Each structure stands twice: as structure tokens, then as C-alpha cells.
Amino acid sequence: MALLTFIGAIQQVTGSCYLIETRDGTKVLLECGMRQGRREDEAHNSEAFAFDPLSLDAVVLSHAHIDHSGLLPRLAAKGYRGPIFATSATCELLELMLMDAAHIQEKDAEWESRWRARLGKPAVKPLYTAVDAERALGLRRAVEYGEPMEVARGVTVTFHDAGHILGSAIVEMEVHDHNLTRRLVFSGDLGNTCSPLMRDPTPLSEADVVLMESTYGDRDHRCTPDTLDELAEILAQAQRDGGNVLIPAFSVGRTQDLLFYLGQFYQQGRLPQQAVFLDSPMAIKANAIYQRFHEHFDPKDRELLRQNGVSRIEDWLPILRCTPEPEDSMAINRIESGAIIIAGSGMCNGGRIVHHLKHNLWRKECHIVFPGFQARGTLGRAIVDGAPTVRVLRQRVAVKAQVHTLGGFSAHAGQSQLLDWVKHFDHRPELYLVHGEVEKMKVLQQALHDRLQWTANIPEPGEQIAL
Ligand SMILES: [Zn+2]
């Protein structure tokens, strides 16, 4: 029998990584994600891989987010030269994500080396460089949704739309091993059926083993109309208070959803602000990729845009101002009110949002809106958890701005949506919960038991199962 090893995103939400090995010696790596969050978590990224990179025959990727793809440059740096299979939209987004990640690694190492030099300590090397990222990008192989592809001897992969971000896939993997064929389905990150632009996650019915994400396994998201009303109310209040609105958002996925909604407000006359700044070079480039793949959008949203006669986001939200250049970004710091600023990173542990936090977080008339999950150890989580002061760019800053979390904008399925997706499988395949914090997994495990009479497993890091 083939073996599956649970390497990463086990009882946590980042660092997705699973290894499939057949007795014939075929080895396929499913995901090569980066750990994100606390320093001690991120330290794991520089540890040796749990497998020999040279022994892998193929890598398969569900989507472009860094917690699923971020160690690919490191894999290439360690000698991997085989193919990396992903959907065509993921292949395009991957270029943005990996080059940006490499840039961050290089900058971080440069900064750390500088202060180490003052202490007479040797310089540190980045986790990987832009050259490594380019090498990994050279290994990409695009596969369309629904087209089976033999990625390595005896292993055939079919991608199905996961509805999470552009190009995101549920990975169906057929593993042939000594006359035995087993079907593994990895949910990847499953989309929220209420979120705009993306289609609903594809239901599948056949599998022997299912790995399902459980990021929001403990709760349902609020329905979108309520969340949108709340956002509209926050924007109106911020305008009355005379402050700015900061929205830390992932460049890929969340930002495009927000622009869609803000455009809707604009079209309905519900947007009191004078300008929406998209202060993220990566999000601006991601918009262009979303635009190119618009045929992947949910048909009803495409129809809405068509009815309004818009083909570009700039027409949908005419007060959108994109600021790719640093000078334009810094100019936003002088604006005291009437601006909505969308910038990365989504969890505030880097990126331009940090500069905007420094300028706005201490002002009680400003509003910070968190539209997404904040992992433990991040600046975003500290603010959400109500810290009276936080460290921003090596300075303590008081948190006086009004802080809002809007769970309804999640790009992840909530508990009921996870159950709705998984219940389509016939004959109760073996079910393993991955990509979630352990307390949330336990709540989901209980819900699966109570509502579907299905016993799900919570694997341990490094655990192996026979496929
Ligand atoms: Zn994701």
C-alpha cells in the first residue's frame, strides 16, 4: 500500500505539506507551504525538509497562497528540479507570491545582518533568494480544471475548483500501487459559498481517503448581507468621526472581494469616502491576473458586472486609486480623513499596512477593519485581542482606533459549508482533518459525529497512514 505522511498544517493553519509514496518508489509532494505566525513557528521554515528533495518525482499545489506554496523556492534551492503541477491561474499568481516572498526573505536577512554586524556577529543568509524563486517558477506545469494528468508514475491528479481564490483547487489524486487503486481527495482551502467572484467548491462523491481543511471548523460565518451592512455602517461612522479606514487584506483573494463590495457600495451610493487606496503592488498585479481569468468567476457576478456595463474594476469603483510606487504610498500618510486604505499583509506582520497602522492606530477617530483570520503571534491578532499598545516598526503605539472584525468576508468555508461539501462523498471515506487549530478541529469533529454520524481523525505531525 502507498503511504501518506502528514508533514505540515497539522493541528495548525500554516505550512501545508503532505507526502505520498508508493511501494514502487514514486514520491509526490502535495503542497510545500511556509509556516507563518510566531517567530518560533517561522523558525521551522529553515529546518531540513522531512524528505529528500532530490527523491521527489513531482510536486502538486492546490493554490498560490504562501502557506501552501512558500517553501517551493527552498525546495528548488535544495536541488529539486522536477515538475510543479498547478492550475494555470495558480501558476500565474505563484510568480507574484514567490517573488514577493523572496524579496521579504532577502530584506529581512539584510536587516538582521546589519544589526548583527554592529554586535560583531556574522551575517545571516536569507531563507531563499529571488534566484531560488525564479528557479522554482521555471518548474511550473499548468493543468486545467477537470483534466486528469499523470504527474508521476502511477499517480494521476485532477484539479477541481475549490472556490477559495482564483485558480484554487481541490486535488483529486488516484494512486495506483501494485494493482491497487486508491483515491485521495485533498480539499485544499475550500471557499466560502457567500463570497463573491469565485464559484462554489466542487462537490465530489468518490474517495477512499479525504483530507479536509478546518480553518473555521468551529463556526459559521455571518451571512454576507449582514456583514455588508455592518461594513457600510463602519464606513459611515468613520466618515462622521473624521478618520480613515484601514483594511489589512491578503493581496490575492480578499482584496478582490473587497473591491467588488466597495464597488457595489459606490454604485448604490453607499460609499461616503472620497478615495479608496489600494496600496499594495502585489494586489494591483493580482487584480490584473483576476481580470485575465474572469471566465473563472461565478456566473452571477459576471452577469452583475455585465449589466452595469463594466469590464474593469476601475469602472466599477471609479474612486479607486492604485499606488504601486513608494512615493505615492508615503503620500497617503498625509491624509487624515476620508480615505479607505487597503494594504497587505493581511495579518499585519509586514507590508505597507504596518506604516499605515503607525500613522492611524493611535487616532481614536480612525477605524481598523479586519476582514480575515488573524493567526496567533501576528500583530493583527494582538490588535484584535485588544492589546492596549502594540509594537509597530520597532515603536510602541497605543491602540486607540476602533477595531472591527468582519468574519463574513472569509475566503474559507464555515462549519456548515464544510459539512455540506464533505457529505457528498459516498460510503464515508476515511476522513482526516488538517489545516486548522486543534480546538477548532475538535468542534468540527464533534459536528461531523453529531450531524453526519461520521468519525473524523485528527492526525499528529509526522503521522503516517496507509492509503
Ligand atoms: Zn489559502
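Given the structure is predicted, the values throughout are model-derived calculations rather than measurements. All residue numbers in this chain count up from 1 along the given sequence.
In Lys440, the NZ atom is crowded: over 12 heavy atoms of neighbouring residues, nucleotides or ligands sit closer than 6.0 Å. The number of heavy atoms from other shown groups lying within 6.0 Å of OH (Tyr266) does not exceed 12. Within 6.0 Å of CZ on Arg321 lie no more than 12 heavy atoms contributed by other residues, nucleotides or ligands. Atom NE2 of His449 has 12 or fewer heavy atoms from other residues, nucleotides or ligands within 6.0 Å. Around atom CZ of Arg396, more than 12 heavy atoms belonging to other residues, nucleotides or ligands sit under 6.0 Å away.
No hydrogens or angles considered: nothing links the side chains of Thr378 and Asn349 as a donor-acceptor pair under 3.5 Å. With hydrogens and angles left out, the side-chain atoms of Gln415 and Asp218 include no donor and acceptor closer than 3.5 Å. Using modelled atom types, one finds a donor on one side chain and an acceptor on the other under 3.5 Å when comparing Thr323 with Asp279. Between the side chains of Thr193 and Gln417, at least one donor N or O lies within less than 3.5 Å of an accepting N or O.
Within the 3.5 Å criterion, the main-chain N or O of Met34 finds no donor-acceptor partner in the side chain of Arg74. Side chain of Thr405 to main chain of Phe370: no donor-acceptor pair is present (N/O by atom type, distance under 3.5 Å, no hydrogens or angles). Ser214 contributes a side-chain N or O that, together with a main-chain N or O of Val434, makes up a donor-acceptor pair within less than 3.5 Å. Distance alone, capped at 3.5 Å, places no donor-acceptor pair between the Gln12 side chain and the Ala9 backbone. A distance-only check finds a donor-acceptor pair linking the side chain of Arg381 to the backbone of Gln374 [under 3.5 Å]. A donor-acceptor contact shorter than 3.5 Å is absent between the side chain of Asp67 and the backbone of Gly15. The backbone N or O of Val13 lies less than 3.5 Å from a partner atom in the side chain of His435, making a donor-acceptor pair. Looking at Arg254, its side chain does come within 3.5 Å of a backbone N or O of Pro371 through a donor-acceptor pair. In this structure, the side chain of Glu172 does not engage the main chain of His160 through any donor-acceptor pair within 3.5 Å. In this structure a side-chain-to-backbone donor-acceptor pair under 3.5 Å is missing from Asn244 to Ile340.
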Next item on the list: Please report the C-alpha distance between Phe425 and Leu431 in whole Å, then the side-chain angles of each, then the deciding distance to 0.1 Å, and finally whether the side-chain contact (heavy atoms from CB on, under 4.5 Å) criterion is met.
Entry: CA-CA 10 Å; Phe425 286 99; Leu431 177 57; over 6 Å; no

Check: Passes side-chain contact (heavy atoms from CB on, under 4.5 Å), His103 versus Met99? Steps please.
Finding: CA-CA 6 Å; His103 180 70; Met99 293 312 291; over 6 Å; no

Note to self: Does Arg270 form a salt bridge (Lys or Arg N to Asp or Glu O under 4.0 Å) with Asp229? I'd like the steps, not just the answer.
What the structure shows: CA-CA 10 Å; Arg270 291 169 87 192; Asp229 287 345; 2.9 Å; yes

Next item on the list: Check step by step if side-chain contact (heavy atoms from CB on, under 4.5 Å) holds for Ile165 and Phe250.
Entry: CA-CA 11 Å; Ile165 60 164; Phe250 287 118; over 6 Å; no

Check: Do Ile342 and Leu262 pass the side-chain contact (heavy atoms from CB on, under 4.5 Å) test, and can you show the C-alpha distance, the side-chain angles, and the key distance before you say yes or no?
Finding: CA-CA 11 Å; Ile342 303 173; Leu262 292 175; 3.9 Å; yes

Item checked: Asn287 and Gln256: CA distance, side-chain angles, deciding distance, side-chain hydrogen bond (donor to acceptor under 3.5 Å, both in side chains) verdict -> CA-CA 7 Å; Asn287 277 357; Gln256 287 74 31; 2.8 Å; yes

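Atoms CG and OH, from Asn192 and Tyr216 in turn, are 9.5 Å apart once rounded to the nearest 0.5 Å. Here the straight-line distance linking atom OG1 of Thr14 with atom CD of Glu42 works out to 8.0 Å at 0.5 Å rounding. In this structure, CG in Leu96 is found 10.0 Å from CG in Leu137, a value given to the nearest 0.5 Å. Within the model, atoms OG of Ser337 and CZ of Arg240 stand 14.5 Å from one another, a figure rounded to the nearest 0.5 Å. Here the straight-line distance linking atom NE2 of His65 with atom CG of Leu93 works out to 8.5 Å at 0.5 Å rounding. The distance from atom NE2 of His359 to atom NE2 of His356, rounded to the nearest 0.5 Å, is 8.5 Å.
When every heavy atom of Ser195 is checked against every heavy atom of Tyr261, the shortest pair comes out as CA-OH, 4.0 Å. Summarising the geometry of Met347 relative to Ala375, their closest heavy-atom pair is SD-N, 3.2 Å, with the distance given to 0.1 Å. Scanning all heavy atoms of the two residues, the minimum distance from Cys91 to Ala86 falls at SG-O, 3.9 Å. Heavy-atom minimum distance, Ala249 versus Thr255: CB-OG1, 3.7 Å. Contact record, Ala89 with Leu166: CB-CG, 3.8 Å, taken as the closest heavy-atom pair. Here the closest non-hydrogen pair linking Ala286 and Ser251 is CB-O, 3.8 Å.
Between Phe159 and Val171, the closest side-chain pair of non-hydrogen atoms falls below 4.5 Å. Contact check for Leu139 versus Leu75: no side-chain heavy atoms found under the 4.5 Å cut-off. Residues Leu61 and Leu94 have side chains in contact (heavy-atom distance under 4.5 Å, counting atoms from C-beta outward). Contact annotation: the side chain of Leu304 approaches that of Trp316 to within less than 4.5 Å [non-hydrogen atoms, C-beta and beyond]. Residues Phe409 and Asp257 form no side-chain contact, since every pair of their non-hydrogen atoms from C-beta on lies 4.5 Å or further apart. Residues Leu72 and Tyr128 have side chains not in contact (no heavy-atom distance under 4.5 Å, counting atoms from C-beta outward). When side chains are defined from C-beta on, Trp362 does not count as touching Thr389, because their heavy atoms never get closer than 4.5 Å. Under the 4.5 Å side-chain criterion, counting only non-hydrogen atoms from C-beta, Ile289 is not in contact with Val252.
Aromatic ring pairs are classed by plane angle as parallel below 30°, tilted from 30° to 60° and perpendicular above 60°; the pair His404 and His367 is parallel.
A salt bridge is defined here as a Lys NZ or Arg NE, NH1 or NH2 lying under 4.0 Å from an Asp or Glu carboxylate O, and Arg140 with Glu95 meets this definition. Ion pairing between a basic and an acidic side chain is recognised when a charged N comes within 4.0 Å of a carboxylate O; Asp385 and Arg376 show no such pairing.
Of the listed residues (Glu437, Glu439, Glu460), just one forms a side chain to side chain contact (heavy atoms under 4.5 Å, CB included) with Gln11, and that residue is Glu460.
Note: Tyr145 and His296 meet the aromatic proximity criterion, with ring centroids under 6.0 Å apart. Between His164 and His68, the distance from one ring center to the other does not fall under 6.0 angstrom.
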